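Working notes for the structure below.
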Amino acid sequence: MHNTVTTDVLRARQGPVLVLTLNRPHRLNAVTAPLYEELIHALEGADADSAVRSVVLTGAGRAFSAGADLKQHREAPPTGAGRRRYAALGQTANRLLQTIGIPVVAAVNGPAIGAGLELALSADFAIAASDAKLRLPEIAIGTFVGGGVTYTLPERVGTVRARELLYLGDFFSGAEAAALGVVHRALPAEEVLPEAILLAGRLARRAPRPLAKAKQLLRAAPSRSREAALAAEQAALEEIFGTDDWREGVRAFAEGRPPRFRGT
């Protein structure tokens with residue numbers, strides 16, 4: 001694995017899988033404006049690089065992310081312009097996780113609190129340590145949520161359970177999160193990152209354009225009528241019919257071998 005070290009986000013390639021590691025372990029990877037900026041840059045680069053087929057997002061040390069760096073906020077409360085910049089960067093980072101054309105797997109190796117859990121919920125899949133402490137405490141401490149959690153959470157658990165998790169802000173474990181459907185799976189902590197990379201590798205072997213279309217259409221589904229969804233699927237299928245990967249998939253099926261997709 002080749003690593004590129006940056007200030008707040010580490011990048012490592014394992015073939016077509018890009019592993020992004022939030023890298024402020026001394027603050028349990030609490031998010032800051034510079035961290036968001038680096039994450040945005042890394043995600044934009046991944047989306048533009050045809051050699052990257054999937055992304056894993058995890059945290060350095062014993063935490064995924066403890067959320068907003070409240071110590072920093074307390075010592076230097078953001079001004080009006082600072083508030084707008086911080087909030088906008090957080091929304092942009094989460095929007096990219098949700099909308100880039102490649103799948104994202106969150107490897108929640110430890111505590112994921114507030115903005116940290118919001119990042120995990122923006123991924124297509126999340127695998128959590130069974131004993132990880134998870135929480136959305138924003139309302140309980142007088143601030144507010146972000147990252148699209150008002151739709152990413154009810155998508156997973158329904159509106160009634162989302163109200164409970166958001167309004168009360170109680171802790172729950174990774175194992176409880178898996179039982180609720182907040183995360184995809186819960187595993188022992190040492191197995192989380194390897195399993196996430198394994199899943200990302202499986203996703204990386206899928207045809208990139210159909211996968212990107214599926215991500216796009218699933219994201220739009222809640223706001224689309226049935227007829228609009230059917231029309232969007234038809235248009236996507238007609239487009240995919242004309243790709244080299246479609247022809248490769250047909251040949252591979254006929255020949256009884258795994259397909260070798262190139263994204264064309």
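Predicted model, so just to flag it, every value in this text is computed and none were measured.
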Any non-hydrogen side-chain atom of [X] less than 4.5 Å from a side-chain atom of [Y]?
X	Y	value
I113	P137	yes
V17	L203	no
D69	V31	no
D245	P259	no
V56	V104	no
S173	K133	no

Can you tell me how far apart [atom1] ([X]) and [atom2] ([Y]) are? Round to the nearest 0.5 Å.
X	Y	atom1	atom2	result
E195	I127	CD	CD1	5.0 Å
I102	I100	CD1	CD1	4.0 Å
T7	L35	OG1	CG	10.0 Å
L119	Y36	CG	OH	5.5 Å
Q91	I40	CD	CD1	10.5 Å
L136	L153	CG	CG	6.5 Å

Any salt bridge between [X] and [Y], counting N to O under 4.0 Å?
X	Y	result
E155	R219	no
D124	K215	yes
E239	K213	yes

When you group the ILVMFWY residues by side-chain heavy-atom contacts below 4.5 Å and let the links chain together, are [Y] and [X] in the same group?
X	Y	answer
L199	L218	no
F171	L121	no
L166	V157	yes
L89	F144	yes
I240	L211	no

Non-hydrogen atoms of [X] and [Y] that approach each other most closely:
X	Y	result
A46	L18	CB-CD2, 3.7 Å
A212	G101	CB-O, 3.3 Å
P188	S130	N-OG, 4.0 Å
F241	R247	O-NH1, 4.3 Å
G116	F64	O-CE2, 3.2 Å
G174	A128	CA-CB, 4.2 Å

What verdict does the side chain to side chain contact (heavy atoms under 4.5 Å, CB included) test give for R257 and R251, after you've listed the backbone C-alpha separation in whole Å, the side-chain angles of each residue and the deciding distance to 0.1 Å? CA-CA 9 Å; R257 61 171 174 81; R251 282 195 302 268; 4.1 Å; yes
May I ask you to check whether [X] and [Y] show a side-chain donor-acceptor distance below 3.5 Å?
X	Y	answer
T58	N109	yes
S65	N29	no
Q98	Y151	yes

Using modelled atom types only, decide if a donor and an acceptor are shared between the side chain of [X] and the backbone of [Y] within a distance under 3.5 Å.
X	Y	value
S122	E118	yes
E44	H41	no
D49	G45	no
R24	A30	yes
T143	E138	no
R156	T152	yes
E38	D8	yes
R209	G263	no

How about R161: does its CZ atom have over 12 heavy atoms from other parts shown lying under 6.0 Å from it? no
Crowded around R262 CZ? As in, over 12 foreign heavy atoms under 6.0 Å? no
Distance-only criterion, 3.5 Å: show the donor-acceptor pairs between side-chain atoms of residues 229-236 and protein atoms not counting sequence neighbours.
| from | atom 1 | to | atom 2 | distance (Å) |
| --- | --- | --- | --- | --- |
| Q234 | NE2 | E238 | OE2 | 3.0 |

Intermediate values then yes/no, side chain to side chain contact (heavy atoms under 4.5 Å, CB included), L97 and L43: CA-CA 7 Å; L97 289 167; L43 291 169; 3.7 Å; yes
Show your working on side chain to side chain contact (heavy atoms under 4.5 Å, CB included) between D47 and V55 and close with a plain yes or no. CA-CA 10 Å; D47 201 28; V55 171; over 6 Å; no
F172: what forms a ring-ring contact (aromatic ring centres under 6.0 Å, His included) with it, not counting sequence neighbours? none
Side chain to side chain contact (heavy atoms under 4.5 Å, CB included) for V19 and I197? Distances and angles first, verdict last. CA-CA 8 Å; V19 180; I197 292 173; 4.1 Å; yes
